Amino acid sequence: MNNISDITHTNSPQLLFVGENSQDCSQFLQNLIEENISVKHIENSIDAIHYISENTVDVVLIKQFCSPLDAQKTLEYLNTEQEFNVPVLIILESEVNVQSSFDFRKTEVLSKELNSHDLKKVLNLLVEVTSQGYGPSTFSLQYLRSIGGDNEQFLIETFEIFKSSVTKQLKILEEAIKINNPQDISGVAHNIKPSFEMLMNDSGRDLCDKLTYELNKHKPAQILKELKIEYSKIEHEMALYLQKNPT
Amino acid sequence: MKRILIIEDNPMVVKSLQFKLTKDGYTVLTATDGREGVKMLEDQEYDLIITDLMLPFISGVQLIEHIKKNRADTPIIVLSTSKQEDIILEAFNLGVQDFITKPFSPNELSLRVKRSLESVS
């Protein structure tokens, strides 16, 4: 965990992670950092309370059994003593139903596994709490505008098609990589590529090209991982766009 | 109204082609793989076919051979990527009228479609 402590991006949302041992969620935090989110890590919950009183934090991610105060006690203290109103995400470390314990304030719970749904939960929450987008844009609407003009319905439908079709194809790609089927890997990557190109996302395009034409020079699983991250970034920015431009 | 059949397996490309060509005044029908494309060609007449070269079930080249055998007069435009030179050449040898690189330029698409349709009228 030490290598991802206190990663700060200029003008990006601030996430405070509170927990003693974050080894098991280091990948999750790394994914957040790659989403251009600044992550501050404090192991001790008392230190976290002090930090919150003196700094701006957009979201708190806290482990249920952090110490010396656990998540519930930490939040109770913040709520009563500091009129703390920042959204909180609790990483559950027990199967016991603890949701009701946290009902007194706006909280969300994340599973112990910290899967992709949890990542989405955090990103969606950050969309809610930050009024503006952050980080460099991962896609441009220039190409789609050249086809659809100002037709917002066309854009929205195209976003939906992007999300549903690329999600489906990434699953197929994952299976093809699992069984090491080069023909299917290159075929699926070839099929996905125009979707990224039409959003003018060069990273996605290049990753697809690597899987289509240079498979033997790369580790497909690693490329797939990068492609999934690129997809998540686009999906996240699409959500921001739709929030800012409701039809 | 001229009828165009698009055979392409990327839904975003299909959506964009359909939107642009409908706006240009054509009736546009779509198939998402070679097999569905063949079925639609058997069922109805089309003035132009726009097809991808890498399709599920039946490849673009096989599809072109099928069209040339059964509907020799129907013009074909192939959709390709810039890295498919060999397949594009093969497609031209089979008698396709033109090709468009994905992602397509909307104005270029309009011009090439118009030209292909005029070539047989």
Side-chain angles (χ1 to χ4, degrees), chain A residues 139-170 172-173 176 183-202 204-206 208-215 231 234-235 238, chain B residues 4 6-26 28 30-37 50-62 78-88 99-113:
Chain A
F139 71 88
S140 164
L141 294 177
Q142 192 184 340
Y143 177 74
L144 293 180
R145 291 274 189 220
S146 76
I147 295 167
D150 293 331
N151 189 320
E152 285 297 313
Q153 194 57 36
F154 169 75
L155 270 189
I156 291 165
E157 287 172 15
T158 306
F159 283 4
E160 287 307 315
I161 291 170
F162 174 83
K163 287 190 281 183
S164 60
S165 64
V166 177
T167 300
K168 189 178 161 191
Q169 292 294 63
L170 286 174
I172 297 171
L173 188 56
Q183 198 178 347
D184 281 2
I185 294 170
S186 64
V188 176
H190 174 83
N191 178 271
I192 298 175
K193 182 182 159 186
S195 301
F196 286 96
E197 284 184 304
M198 291 170 81
L199 294 170
M200 304 180 82
N201 178 292
D202 294 346
R205 176 202 63 198
D206 294 344
C208 289
D209 270 346
K210 283 179 184 173
L211 290 173
T212 307
Y213 302 107
E214 302 170 351
L215 197 53
Y231 169 80
I234 293 174
E235 188 187 32
M238 282 178 170
Chain B
I4 298 174
I6 296 167
I7 310 168
E8 161 68 51
D9 61 343
N10 180 303
M12 273 182 79
V13 176
V14 172
K15 172 78 182 171
S16 301
L17 285 167
Q18 193 169 27
F19 186 89
K20 173 63 181 161
L21 293 172
T22 303
K23 205 160 81 173
D24 285 354
Y26 303 109
V28 182
T30 64
T32 54
D33 62 58
R35 209 156 51 194
E36 189 186 359
I50 299 176
T51 181
D52 187 16
L53 287 173
M54 286 179 72
L55 290 165
F57 306 124
I58 298 173
S59 76
V61 169
Q62 287 173 314
V78 296
L79 293 163
S80 68
T81 66
S82 54
K83 298 190 177 185
Q84 288 181 309
E85 274 183 32
D86 290 349
I87 314 178
I88 294 167
F99 79 98
I100 295 168
T101 308
K102 290 187 278 187
F104 62 90
S105 146
N107 291 335
E108 187 187 336
L109 173 74
S110 297
L111 285 170
R112 289 183 189 272
V113 165

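Protein chains get the first letters and strands the later ones, always in sequence-line order, with residue 1 at the start of each. These numbers come from a predicted model, not from an experiment.
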**Q** Check step by step if side chain to side chain contact (heavy atoms under 4.5 Å, CB included) holds for A/L211 and A/V188.
**A** CA-CA 9 Å; A/L211 290 173; A/V188 176; over 6 Å; no

**Q** May I have a list of the donor-acceptor pairs under 3.5 Å that connect chain B with chain A?
**A**
| from | atom 1 | to | atom 2 | distance (Å) |
| --- | --- | --- | --- | --- |
| B/D9 | O | A/N191 | ND2 | 3.4 |
| B/D9 | OD1 | A/N191 | ND2 | 3.1 |
| B/D9 | OD2 | A/N191 | ND2 | 2.9 |
| B/N10 | ND2 | A/N191 | O | 2.7 |
| B/N10 | ND2 | A/S195 | OG | 2.9 |
| B/K15 | NZ | A/E157 | OE1 | 2.2 |
| B/K23 | NZ | A/I147 | O | 3.2 |
| B/K83 | NZ | A/D209 | OD2 | 3.4 |
| B/F104 | N | A/Y143 | OH | 3.2 |
| B/F104 | O | A/Y143 | OH | 2.5 |

**Q** Measure the CG-CG distance between A/L141 and A/L155 for me, rounded to the nearest 0.5 Å.
**A**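 One gets 5.5 Å once the value is rounded to the nearest 0.5 Å.
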
**Q** Quick check: closest heavy atoms across A/I161 and B/P11, and the distance to 0.1 Å?
**A**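 In terms of heavy atoms, the two residues are closest at CG2-CB, 3.4 Å.
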
**Q** To the nearest 0.5 Å, how far apart are CZ in B/F104 and CG in B/L79?
**A**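 Spacing of CZ (B/F104) from CG (B/L79) equals 8.5 Å.
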
**Q** Which atoms of B/P106 come close to chain A, meaning under 4.5 Å heavy atom to heavy atom: side chain ones, backbone ones, both, or neither?
**A**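 Only the side chain of B/P106 comes within 4.5 Å of chain A.
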
**Q** Could you walk me through whether A/F196 and A/F162 satisfy the ring-ring contact (aromatic ring centres under 6.0 Å, His included) test, starting with their C-alpha distance in whole Å, then the side-chain angles of each, then the deciding distance to 0.1 Å, before giving a yes or no?
**A** CA-CA 9 Å; A/F196 286 96; A/F162 174 83; 5.6 Å; yes

**Q** Using a cut-off of under 4.5 Å on heavy-atom pairs, state which of B/V14, B/V13, B/L109 scores highest against chain A.
**A**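 Sorted descending by pairs with chain A, the first entry is B/V13.
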
**Q** So, taking the atom named CZ in B/F19 and the one named CD1 in A/I147, what distance separates them when rounded to the nearest 0.5 Å?
**A**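 Reported value, rounded in 0.5 Å steps: 9.0 Å.
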
**Q** Taking it one step at a time, do A/I185 and A/L173 satisfy side chain to side chain contact (heavy atoms under 4.5 Å, CB included)?
**A** CA-CA 6 Å; A/I185 294 170; A/L173 188 56; 3.9 Å; yes

